[in-house]
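Okay, so here's the structure we're looking at.
No hydrogens, no waters, no symmetry mates; every other heavy atom, side chains included, goes into these values. By convention in this document, chain letters (A, B, ...) are assigned in the order of the sequence lines, proteins followed by strands, and residues within each chain are numbered from 1.
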Amino acid sequence: MSSGSSSLMWFRKGLRIHDNPALEYASKGSDFLYPVFVIDPHYMKPDPDAFSPGSSKAGLNRIRFLLESLSDLDSNLKKLGSRLLVLKGEPSEVLNRCLKEWDVKRLCFEYDTEPYYQALDVKVKGYASAAGIEVFSPVSHTLFNPADIIRRNGGRPPLTYQSFVKLVGDPSWASSPLSITLSSLPPIGSFGRCEISEVPTVEELGYEKTQQDEHSPFKGGESEALKKLRESIEKKEWVANFEKPKGDPSAFLTPATTVLSPYLKFGCLSSRYFYICLQDLYKNVKSHTSPPVSLAGQLLWRDFFYTVAFGTPNFDRMRGNKICKQIPWNDDDELLQAWREARTGFPWIDAIMIQLRKWGWMHHLARHSVACFLTRGDLFVHWEKGRDVFERLLIDSDWAINNGNWLWLSCSSFFYQYNRIYSPTSFGKKYDPNGDYIRHFLPVLKEMPKEYIYEPWTAPESIQKKAKCIIGRDYPKPVVAHDSASKECKRRMAEAYALNQKLTGLVSEEDLRNLRRKLEEDEKPEVKNKRQRKLIG
DNA sequence: TCGCAGTTGGTGTT
DNA sequence: AACACCAACTGCGA
C-alpha cells in the first residue's frame, strides 16, 4: 500500500495523451498515478471457431491495431515519467482489486455511451462510491454529450442529420483552448500484489504468426494518428474541397479519405482536436465545403449516430427497435457465407470483401455497395448478419456508427429510398473501368480483359482460358442474377413498408411470418426459378 | 394534409 | 461533367 494519495486512470478508449481530461484530472494533486489498461480475455483470446483469425469478438487486424495503440500509449506515458500498467481479467474484478490494493482515492476514466460500458461502469462506479472513492468520468470521445443533446431535444434524440446539426450548434468547448500537451505525470506507486505486465504481442496472446497472410497497412497509436492528421491537414485545398460522396471507392494505393476513423474509434485521435484543426483551416481558405459532405460534417455524422444510438433502446437490433422498419429478411446462411467469404461471383463485391478481410478497412462507398448487395439490393439477408461481419473485421468498427450505417443501407431507418440500388457491376466500373482494384484484391481475375472483369461469367470460353480463369472452376458463377434479384427485393421492400405503415410500426413476429408466406406465394414462378437457379448470364 | 428535402442510384443525353 | 428522367420512399414542418 502506498502512502500519499493515489489516482487510477483507467484507459478503455481515449488511448491518447492529448485532449484527455480524465488523465489530466487524475494527474492533478495526486502523489501517485496508476495508468491502467485491462485486457479482457473475452475480447482478446484466440477463438479457433471464429470465421476469421482473432478472438470471439474481434478480428486479428483490430486486435493488432489495439496492441499497437497500447504500445504507443505506453511510450508516450514513459516520456512523461510514467508508463502503462497492463492487467488481465474481467475488468470490473481487476479494477476492484487494484482500487483496494493501491488505496486509490480517485478513479478517472472517459465516459462511454456503448451498452457494454454502460453496464460495466455501473458496477465499477457502484463499488467505487461504496468505498468512498471519487469518480471522474468526463465526456471526451465525441464533440457533444449525447445525453445533453437528447435532453435539449425533449428527451428524444433528433432523427435526421439536419435537425441534429440545427440543434447542436457549435460545441461549447470550442471557444476555450483544449489541453493538448502534458508536461509530466506523477510517479507510479508500488504494485502490491497486483500482477502487472507489459503490452503483449499478438504472439504472446496466443496467435500464430502464420494465421494471416496479409495484414492491415494501418498502424495503431496516437503518434501515428497525429502524423496522419498533420499529413491530411497539410493538403489545405483537399480538405477545404472535401465532398464525401465524390470520393473514389476503388482508390486503394492512396485512399480517397483520411483513414482517421480507426484512430477516432480507439480515441488515439481526439475528435475535438480534429474538429478544431478543421475550423482553423476553414478560417484560412477562400471557400470550403459544408456539412453534411465536408470533413467537419463527417465528425458531425459520428456524433449524430452516437446520439441516436444512445437514445434508442435496442438500437443494434430490428426487433424492439422503435426506429427500425420491420422487414421479413431471409435467413439464408449459404448466401451470407458466399458474401462473407468473397464468393458471390461479382468481382466488385468480392474484391471489397477481400479488402475488408485483409486490411480491416475499405472506402465508405465500398461498404455501401456490399451492404446494399447483402440486404435490400440482392440477397435480402438480415442486416444484423452483415453488421456482425463488419463489427468483427473492421479496424474502425464502432458500435453506434456501424449499426447506424447498417440501418441506413438496409433502408431500415434514416434512409428509405429502396429503389436506389447500387449495381454490383456498373457502380465500380464508373470509377475504375480497367478493374485495377479487382485485379489487386482478386488476383485470380488479374488477366481478365477489362471488357469482362466486372461480369466475368459473360466472357467467352476462349477468353476465360486465355485469362487462366474458368468461371465456375477458378472463380464462382454469380450467386444471383442481379436484375431479377433486385426486382424481387424491391417488391418485398414495398410489401414490408406497406405493412409497417398499416400497423404503424407495431409489427409482430407473426405479422412478419405471414408476410413472408405471402411474398413466397406471390412470387412469379419464372422470377423465382431464375433467382433460385443462382445464376446465369 | 400537402409540399419539400434528403451526404453518396441507374441510365441516357448533351 | 452536368443534366434530365425514371420511380418513388420517408420524416418533417407549415
Stems where DNA chain B pairs, listed by first number, each of three or more Watson-Crick or G-U pairs under 3.5 Å: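 Output for stems: B:1-6 with C:9-14, B:9-14 with C:1-6.
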
Next on the checklist: Looking at every heavy atom in both A/P328 and A/L512, which two are closest together, and how far apart are they?
Outcome noted: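 Minimum heavy-atom separation between A/P328 and A/L512: N-CD2, 3.8 Å.
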
What integer number of Å spans the [atom1] atoms of [N] and [M]?
N: B/dT8; M: C/dC12; atom1: C1'; answer: 22 Å
N: B/dC4; M: C/dA8; atom1: C1'; answer: 14 Å
N: C/dG13; M: B/dT7; atom1: P; answer: 14 Å
N: B/dA5; M: C/dA4; atom1: P; answer: 15 Å

Given atom [atom1] of [X] and atom [atom2] of [N], what is their separation to the nearest angstrom?
X: A/R376; N: C/dA8; atom1: CZ; atom2: C1'; value: 13 Å
X: A/Q417; N: B/dC4; atom1: CD; atom2: C1'; value: 12 Å
X: A/Y454; N: B/dG10; atom1: OH; atom2: C1'; value: 16 Å
X: A/L365; N: B/dT7; atom1: CG; atom2: C1'; value: 10 Å
X: A/M493; N: C/dC9; atom1: CE; atom2: C1'; value: 9 Å
X: A/R491; N: C/dC9; atom1: CZ; atom2: C1'; value: 18 Å
X: A/K246; N: B/dG9; atom1: NZ; atom2: P; value: 13 Å
X: A/H482; N: B/dT11; atom1: NE2; atom2: P; value: 7 Å

| What about A/Y475 and A/W457, are their ring centers closer than 6.0 Å? | no

Exercise. Flag the pair A/F315 / A/F305 as yes when their ring centroid distance falls below 6.0 Å, and as no otherwise.
Key: no

Between [options], which nucleotide has the shortest distance from any of its atoms to the side chain of [X]?
X: A/T160; options: B/dT8, C/dC12, B/dG6; result: C/dC12
X: A/F415; options: C/dA8, C/dC9, B/dT8; result: B/dT8
X: A/Y418; options: B/dG9, C/dC9, B/dT7; result: C/dC9
X: A/Y422; options: C/dC9, C/dC12, B/dT8; result: B/dT8
X: A/L159; options: B/dT8, C/dC12, C/dC9; result: C/dC12

With a 4.0 Å cut-off on heavy atoms, is [X] in touch with a base, just the backbone sugar-phosphate, or nothing at all?
X: A/Q162; value: sugar-phosphate
X: A/Y497; value: sugar-phosphate
X: A/K430; value: sugar-phosphate
X: A/K325; value: sugar-phosphate

Fill in: Nearest-nucleotide 5' precedence on DNA chain C, A/A498 against A/R420
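Counting from the 5' end, the first nearest nucleotide belongs to A/R420.
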
Only residue of A/W301, A/W383, A/Y416, A/Y161 satisfying ring pair (Phe, Tyr, Trp, His ring centres under 6.0 Å) with A/W408 is A/W301

**Asked** Among A/L281, A/D19, A/L178, which residue meets the side chain to side chain contact (heavy atoms under 4.5 Å, CB included) test with A/I276?
**Response**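 The option that passes is A/L178.
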
For C/dC9, does either OP1 or OP2 sit under 4.0 Å from a side-chain N or O belonging to A/Q501? no

Any side-chain N or O of A/S426 less than 4.0 Å from the OP1 or OP2 oxygen of B/dT11? yes

Are [X] and [Y] close enough for a salt bridge, meaning some N to O gap below 4.0 Å?
X: A/E455; Y: A/K429; answer: yes
X: A/R516; Y: A/D331; answer: no
X: A/D148; Y: A/R151; answer: yes

Aromatic-base stack, A/W301 on B/dT7, cutoff 5.5 Å, angle under 30: yes

Evaluate the ring pair (Phe, Tyr, Trp, His ring centres under 6.0 Å) criterion for residues A/F427 and A/F373: first the C-alpha distance (whole Å), next the side-chain angles of each, then the deciding distance (0.1 Å), finally the verdict. CA-CA 12 Å; A/F427 185 71; A/F373 184 84; over 10 Å; no

